[in-house]
There are 2 protein chains.
Amino acid sequence: MGVGSGSGGEFATADRIRDAAIRRFARDGFRAGLRTVAADAGVTAGLVIHHFGSKAGLRRACDERVLEIMRQEKTKALTDGTAAMLLAQMAGVEQYAPMVQYLLRSMQAGGELALKLVEHMITDAEAYLSAGEAAGVVRPSRNRPARTRYLAYQATGSMLLWFTLHGADVPAEEFAALFRRYVEELALPALELFTEGLLVDRSMLDEYLMYVPDPPPAGDPDRTAG
Amino acid sequence: MGVGSGSGGEFATADRIRDAAIRRFARDGFRAGLRTVAADAGVTAGLVIHHFGSKAGLRRACDERVLEIMRQEKTKALTDGTAAMLLAQMAGVEQYAPMVQYLLRSMQAGGELALKLVEHMITDAEAYLSAGEAAGVVRPSRNRPARTRYLAYQATGSMLLWFTLHGADVPAEEFAALFRRYVEELALPALELFTEGLLVDRSMLDEYLMYVPDPPPAGDPDRTAG
DNA sequence: CACCAGATTAAACACTCGTTCAACCGCTCG
DNA sequence: CGAGCGGTTGAACGAGTGTTTAATCTGGTG
């Protein structure tokens with residue numbers, strides 16, 4: 001269907017536009033114009049609209065594509081289970097680096113994809129931490145869902161902030177190196193904190209546990225006030 | 001100089017514009033137009049330019065104002081020393097809530113103010129953690145600057161992500177409540193992690209320490225490769 | 001009073017943006 | 001061959017942006 005030139009590696013034009021958009025949005029953020037995206041793909045702005053209906057439609061297509069690749073790579077990847085490591089690994093692959101950067105842009109802008117991705121990461125972390133608990137390598141928590149959310153937000157959020165401050169608009173090759181530097185920089189403190197904690201005594205935690213009557217399940221956003 | 005109406009609580013017009021801009025940028029982000037800001041302040045767009053030269057100039061004035069208030073409040077505040085708690089406390093004060101929200105917007109956009117603020121927080125955390133170490137309540141680290149940066153990025157970044165996802169454009173009264181909910185949600189997991197750690201055994205940390213030959217000071221970005 | 005300087009405004013300018021429209025091209029099918 | 005149709009283009013539109021400019025208002029000063 002569509003393109004007649006039957007030889008091997010040719011993409012359909014819509015796919016080419018979408019991929020160019022992912023790269024451009026990753027580099028410049030979502031305020032990049034349609035004409036810029038179109039020029040990257042070697043077409044005109046009108047054609048982008050023709051294929052995707054609107055800029056929002058184009059973004060939706062990009063979101064779905066990134067999510068699809070993300071899911072597909074997750075099943076293939078042999079990481080230690082943390083989402084940050086998966087992203088670090090993907091950022092090293094030249095083909096996927098723009099998608100990781102796009103994802104960060106998405107979190108920066110706060111779209112639906114970002115929310116979905118973070119919830120996805122939380123679900124994965126839940127499974128991973130539960131398995132760790134069962135295997136006896138992860139300490140149990142007084143409120144496992146809350147801890148899972150906390151850890152996911154810490155890991156993802158610090159990554160987001162780091163990239164927002166240290167050049168979010170790097171040209172995609174520096175991006176991978178930047179990612180590597182980020183992981184290297186936090187590896188030691190993270191391992192220290194995870195195995196040894198930060199505080200020497202338990203007084204702060206005990207005070208909190210005494211002060212707060214009943215820590216709620218805190219998994220869903222129903223705020224049944226009391 | 002300037003406004004002649006000498007009666008009590010009147011602000012100079014430029015200050016009124018700047019404060020309106022802080023509120024508007026806090027609520028809508030920096031893509032809010034000059035005409036909107038001007039309307040909020042009861043003036044016209046041209047006057048904003050007349051007073052601040054350009055939109056960038058207005059943003060600079062807002063940045064300086066927020067930084068000034070931040071510094072001033074920090075010396076007054078009696079918090080536990082962490083920046084997150086300072087922000088939580090300030091967000092509760094109606095007058096300062098927009099500034100906290102503005103600060104988050106700034107981090108979202110990645111300006112110079114954001115970088116300055118984060119570095120500021122890191123410096124403060126350094127002092128706070130050093131004091132904790134000296135007092136024997138905080139465990140020493142194999143690389144204290146790296147740990148300080150790590151903790152600051154985690155705390156600030158997760159806060160930023162949380163607000164980006166859960167309505168960064170709330171109308172400033174919900175904002176304070178949102179902030180309170182955020183602190184409540186992470187208090188228990190944070191205390192757990194800080195006092196008890198996450199991992200049961202030390203194998204991961206020991207493996208890392210064996211693998212990495214020499215953890216560099218990692219305070220400044222000079223990468224003397226080897 | 002005349003005069004000037006600053007505050008302030010309304011209008012216009014130049015530009016970008018997303019989107020629309022009419023036309024054109026190349027192909028397939030009747 | 002000719003009709004039709006989707007892919008594609010270039011130009012235009014309308015709304016937005018930051019900024020400029022000329023004019024008006026206002027208040028203090030010689």
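Letters A, B, ... are given to chains in the order of the sequence lines, protein chains preceding strands, and every chain is numbered from 1.
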Write down the distance between [atom1] ([X]) and [atom2] ([N]), rounded to a whole number of angstrom.
| X | N | atom1 | atom2 | result |
| --- | --- | --- | --- | --- |
| H50(A) | dC24(C) | NE2 | C1' | 14 Å |
| I49(B) | dA22(D) | CD1 | C1' | 17 Å |
| L34(B) | dT20(D) | CG | P | 11 Å |
| R16(B) | dA7(C) | CZ | P | 13 Å |
| F52(B) | dT20(D) | CZ | C1' | 18 Å |
| R24(A) | dC17(C) | CZ | P | 11 Å |
| R59(B) | dT19(D) | CZ | C1' | 18 Å |
| R31(B) | dG18(D) | CZ | P | 13 Å |

From [options], pick the nucleotide closest to the side chain of [X]?
| X | options | value |
| --- | --- | --- |
| K55(A) | dG18(D), dT9(D), dT19(C) | dT19(C) |
| T44(B) | dT19(D), dA10(C), dT9(D) | dA10(C) |
| L47(A) | dT9(D), dT8(C), dT19(D) | dT9(D) |
| H51(B) | dG7(D), dT8(C), dT9(D) | dT8(C) |

ask   = What orientation do Y182(A) and W162(A) show, parallel under 30°, tilted 30 to 60°, or perpendicular over 60°?
value =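 Tilted, since the angle between the ring planes falls between 30° and 60°.
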Is there side-chain contact between [X] and [Y], with heavy atoms separated by less than 4.5 Å?
| X | Y | answer |
| --- | --- | --- |
| S158(B) | Q154(B) | no |
| T164(B) | M107(A) | no |
| R149(B) | E119(B) | yes |
| E73(B) | Q89(B) | no |

query = Does a side-chain N or O from T13(B) land closer than 4.0 Å to OP1 or OP2 of dA7(C), or not?
reply =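 So the side-chain polar atoms of T13(B) never come under 4.0 Å of the phosphate oxygens OP1 or OP2 of dA7(C).
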ask   = What does G46(B) touch in the nucleic acid at a heavy-atom separation under 4.0 angstrom: a base, only the sugar-phosphate, or nothing?
value =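 Base, at least one base heavy atom under 4.0 Å.
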ask   = Relative to the 5' end of DNA chain C, which residue comes earlier, A14(B) or R35(B), by the nucleotide with the nearest heavy atom?
value =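 Comparing both residues, the 5'-ward one is A14(B).
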